[in-house]
Amino acid sequence: KTEPSNYVGVKNGLNNRYRVLDVSVIQRNGSDPEKHLTITASESLENTQLCILRNGWESVPVVPGDIIHLEGECSSGTWVINQQSGYLVLYPDLLLSGTTISNSIRCMRRAVLSERFKGSESGSRQTLIGTILHEIFQQSVTNNLAREKVEELANKIVYGQKYLREMYHLNLKQMEIMQEVEEYLPSFFKWAEDFLHNPANQNKMQLKLSSHEKPEDLSSKIEIVDILDIEENIWSPRFGLKGKIDVTARVKIHRQSGVQSRIMPLELKSGKESNSIEHRSQVILYTLMNLERRVDPEAGFLLYLKTGTMYPVSGTRMDRRELMKLRNHVAFYLTHSTYKSAVGKEHSQLAALPPVIDDSQACKYCSQIHNCFLYSRAVEQKMASVSFPPAMVPVVETETRHLKPSHLEYFSLWYLMLTLELQSGEGKKGYKNIWMMPSMEREKAGDCVGNMIRVDEVQEISEGQYLHFFQRRNGVIPGTNLLVGDRVVVSGEENGLLGLATGYVREVGVTKVSCLLGRNLSKLPKNTIFRLDHEEGDFGIGVPFENLSKLMRDSQVSERLRNLIIDFHKPRFIQHLSSVLPPEAKETVANILKGLNKPQKQAMKQVLLSEDYTLIVGMPGTGKTTTICALVRILSACGFSVLLTSFTHTAVDNILLKLAKFKVGFLRLGRAQKVHPDIRKFTEEEICRSKSIKSVSDLEEVYSSQPVVATSCMGVNHPIFVRKQFDFCIVDEASQISQLICLGPLFCSKRFVLVGDHQQLPPLVLNAEARDLGMSESLFKRLEQNQNAVVQLTVQYRMNSKIMSLSNMLVYEGKLECGSEKVSNATVSLPNLKKLKLELADASKTWLKEVLDPDTPVCFLNTEKAGCKSSDIGIISPYRHQLKTITDLMGKLKENRVEVNTVDKYQGRDKSIIIVSFVRNSNDDNLGALLKDWRRLNVAITRAKHKLIMVGCVPSLCRYPPLEKLLCHLQSEAMISFFLHAVFIFKCNIL
DNA sequence: TCTCTGCCCAGAGGA
């Protein structure tokens, strides 16, 4: 099957989804062109309907295979979308924000680029003041607009904790901010007088609501009678829109003919009173989104906070239509960002972006200019079809002059791979299941809990964090993947209440779930039924795009990294330790070195001598954590600042837990929710709370208090890194991190150390084409070709010699050695073994016999009687389904603490006894990819310290080259017997 | 052919 990766199930009804089967352009003499679409809402592609696009709608760039949503009327199998009625929404499940669309009015290229490069706009003084003013106004208008209350609130917010980070980032003082904020406040009160409760009489405006109004009725007096919501979050899968509405208000419109009441959107602006088309468009889009939740407001308001002036904005059919066409265009570019060339049908290529506009004035202030020129130079210049404003050609040339052809190639290759990966991710996850799938159905996959009502009071834990309690309406919550700490989206079960709030899972009980949400939902009707969906957005892909862009910048840091990473410049080392080792640190360093083995000491030395980077190969069980910990201690003893990172929070905390035992202070960045409880006291969040940090200078002190800062690779967007450069950056698990993600922390330091083992599992890449193009090559792997930068940790303390020998034979060419005699000879301690052996000898049916008996299709090797702790046993399999079967069977055992998990999840861990279930038992040609990867096998066989038991069908497994090698070795070593150190059990049809 | 982690986010203004 060759379904497009963004395949969505088609369906009828309110959220209808049609697949376009055919597109034809009809041009009759003398009449306007039309586009006729053959569409279907059935999976079998039968029951086609016709959709006719007229009056400009024919320009929608729809192609066969696209998914569309239709609004309007369908009579006898034909939809007509024209000037008066109907909308065509292209890729409706791609929700675009109001600002994205209004930004695209001036330059669609910029709108598309900002969807990819989200962090490029780094914020400014004005945006921060705008955000703060929004909050002051929103809170005042809901609670109290009395002068002294507003002043008090403004003080609380400006001198509070919430915006300190951004102030630090922009190097602003709270005083300056407060001064500027105060200038706005009188306008707040003027606005209140004009529009709130008994509004002043001079408030008269021309407000058009529907096309049938009498001219004398346009003149209206506006009265805001109630504030229903602030920052209301709306997802509209009907129009393919999303957005947050500043203020949702009940408005009374006083007119000659009488009074009308409406619920309308109010958009706040703190900048210049422009009443611009962009601002107005935003309001019009909000009126459309409002249709998801209430009757058509037909209009909204634009309120300029500087003056208190409020403009009416009508959502006329014409404006809505044009904005939806614009949305479709942006959606088209985002969806069709790659194409398969006609010749080599298998190869994807990057498509052109929307054209560069010919407006040097607008480009001058554009935040995406760098990415715009980069894409043009690296990707589009090779395309014959892309026409380019001649005036811009030399500008692009100049702006990208610092890049060599190799850099441009790297950019376009990685841009392509990231785009492909993004498409795969969207197809698999995506938010769309929240509205396209009933909760009942989604519960089966475990990604959702539906049929919940809110119980108990909502508790405000801290600013903007509300603890909610949900209870299953009847019965218990079915098996769910939802775990404590996961991100969730809370929606109403009924249509239109999508995406009410997002937050984190606090606790999961049998019938109850508690969540920490960003919004207080207590205002919703008591009987609202909720669903909680596991949030699986595409957030992560923004980081590598951003890092790719950063790597191409015209800056010293970027140039250095380009030289090292793209052009493979040789890493440099200095000759003598004396120049880096301060005399006063010598004793401390010597003491730390005492606890290390030879290769570990060598690694320390290499890092200290490095001027660019060092790669530490940490083979299984060689004490990577100990090594990193020692490294951090030595570096900080020498007076260096260190940035410590890894891909996962768990891995970062693993090192920190060890580091905390020594006298090395550190600052842990990242959400406290995600941090190990014992490390939480070192997080920014906790420190700021306990020290009640309330000023920028206090915060500065916290940030500069520790020479060691630890965070995940994705967390390097923190403002601290804008102003601080580290001497060394250490990246753990580096062989498992995608190249561009690994790059993030490297921008923040002078030198770096990557720790990993490329013989273990590589970074995960979903898209096969991206993988073939080289996307799973980690930075660690890429740089490993510079052997002079590599040190290997070969002395291991995990496996006994027999277990170690397997992996030595398979991948490490005999380099691995045991750390001591004790390690080498260690065996599992089974206190009751003697007794068991007697029992086994007695009984005619020994348990081993049972295992081998063909009449026992399912069995478990029960070591319970032998007396080791169940927590010392781990069961590993490449396949989730297998694990589920095993877990279900083991659920019946009491006192069961055996850990069952995938090979992938077991990487970095060990157990005394490991049982590997290989599952595969078939003679067909579907071999599957998982077992072909010798790195996965290497991980699987290097987890056990004392005993490794493998279960599988030998003839089947022999067809996998890595396993074949292993099995031959096992056979030759006669490792096929009971209670040897490594056992292989011949068994077909097992489990 | 079935392996899965990371992130707050849409909008804060500027011309």
Side-chain angles (χ1 to χ4, degrees), chain A residues 95-100 102-103 106-107 114-115 118-119 121-135 163 166 231 233-235 241-246 267-272 274 276 278-279 282 306 359-367 425 428-429 464-465 487 499 501-504 517-518 535-544 546 646-651 670-671 673-674 712-717 733 736-738 741 744 761-766 768 877-883 901-907 926-933 935-936 939:
Chain A
L95 306 187
L96 295 176
S97 72
T99 40
T100 296
S102 55
N103 274 332
R106 198 177 277 262
C107 176
S114 5
E115 285 291 299
K118 296 211 167 176
E121 352 234 319
S122 60
S124 65
R125 176 200 178 89
Q126 286 89 341
T127 56
L128 175 57
I129 287 167
T131 310
I132 292 174
L133 282 166
H134 268 70
E135 187 170 347
Y163 297 103
E166 270 140 297
E231 294 287 306
N233 189 47
I234 301 187
W235 291 350
L241 297 173
K242 65 181 169 191
K244 288 188 177 179
I245 296 169
D246 282 339
E267 171 64 15
L268 312 177
K269 294 287 171 196
S270 58
K272 209 196 257 172
S274 62
S276 65
E278 282 87 353
H279 289 175
Q282 231 177 310
K306 206 172 233 167
D359 182 349
S360 55
Q361 197 56 29
C363 294
K364 204 160 92 187
Y365 299 97
C366 178
S367 52
K428 219 169 188 178
K429 311 170 189 171
Q465 296 211 296
R487 296 273 309 170
T502 55
Y504 291 92
L517 302 176
E535 192 187 56
E536 338 159 61
D538 53 357
F539 35 76
I541 206 84
V543 174
E546 202 49 55
S646 183
F647 190 39
T648 60
H649 289 290
T650 324
R671 291 197 80 87
Q673 287 263 3
K674 294 279 183 181
S712 76
C713 281
M714 307 280 245
V716 290
N717 243 341
E733 291 186 328
Q736 275 194 95
I737 309 177
S738 180
I741 293 174
L761 286 165
L764 184 80
V765 177
L766 298 170
S877 173
Y879 306 99
R880 280 242 158 254
H881 275 106
Q882 175 76 348
L883 297 175
N901 230 324
T902 55
V903 181
D904 301 58
K905 289 257 189 187
Y906 251 104
Q907 178 150 335
N926 295 330
L927 279 181
L930 290 193
L931 287 174
K932 282 185 196 159
D933 195 326
R935 294 168 293 197
R936 183 168 281 108
V939 172

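The structure displayed is predicted, hence computed values, not measured ones.
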Nearest-nucleotide pick for [X], side chain only, options being [options]:
| X | options | value |
| --- | --- | --- |
| A/Asn103 | B/dG14, B/dT3, B/dG6 | B/dG14 |
| A/Leu930 | B/dG6, B/dC2, B/dA12 | B/dC2 |
| A/Tyr879 | B/dG6, B/dG13, B/dC2 | B/dC2 |

(request) Find the runs of at least 3 consecutive base pairs, i with j, i+1 with j-1 and so on, that include DNA chain B, using Watson-Crick or G-U wobble geometry with both distances under 3.5 Å. (result) none
Considering every strand and a 4.0 Å limit on heavy-atom distances, what is the contact class for [X]: base, sugar-phosphate, or nothing?
| X | result |
| --- | --- |
| A/Lys905 | sugar-phosphate |
| A/Leu128 | nothing |
| A/Glu267 | sugar-phosphate |
| A/Gln282 | sugar-phosphate |
| A/Lys272 | sugar-phosphate |
| A/Gly98 | sugar-phosphate |
| A/Asn717 | nothing |

(request) Rounded to the nearest 0.5 Å, what's the gap from NZ on A/Lys242 to OG on A/Ser97? Could you check? (result) 6.5 Å
(message) Measuring from atom CD of A/Glu231 to atom NE2 of A/His134, what distance do you get when rounded to the nearest 0.5 angstrom?
(response) 7.5 Å
Is the shortest side-chain N/O distance from [X] to OP1 or OP2 of [N] below 4.0 Å?
| X | N | value |
| --- | --- | --- |
| A/Lys244 | B/dA12 | no |
| A/Thr99 | B/dG11 | yes |
| A/Ser270 | B/dG13 | yes |
| A/Thr127 | B/dG14 | no |
| A/Arg487 | B/dC9 | no |
| A/Thr902 | B/dC4 | yes |
| A/His881 | B/dT1 | no |

Without hydrogens or angle criteria, can the side chains of [X] and [Y] be said to hold a donor-acceptor pair below 3.5 Å?
| X | Y | answer |
| --- | --- | --- |
| A/Gln282 | A/Lys269 | yes |
| A/Ser102 | A/Thr99 | no |
| A/Tyr504 | A/Gln465 | no |

(message) Closer than 4.0 angstrom, basic N to acidic O: yes or no for A/Glu546 and A/Lys118?
(response) no
(request) Using the C1' atom as the reference point in each nucleotide, state the distance between B/dC8 and B/dA12 in Å, no decimals. (result) 15 Å
(request) Test for a donor-acceptor pair under 3.5 Å between the base of B/dT3 and the side chain of A/Arg936, counting only N and O atoms. (result) yes
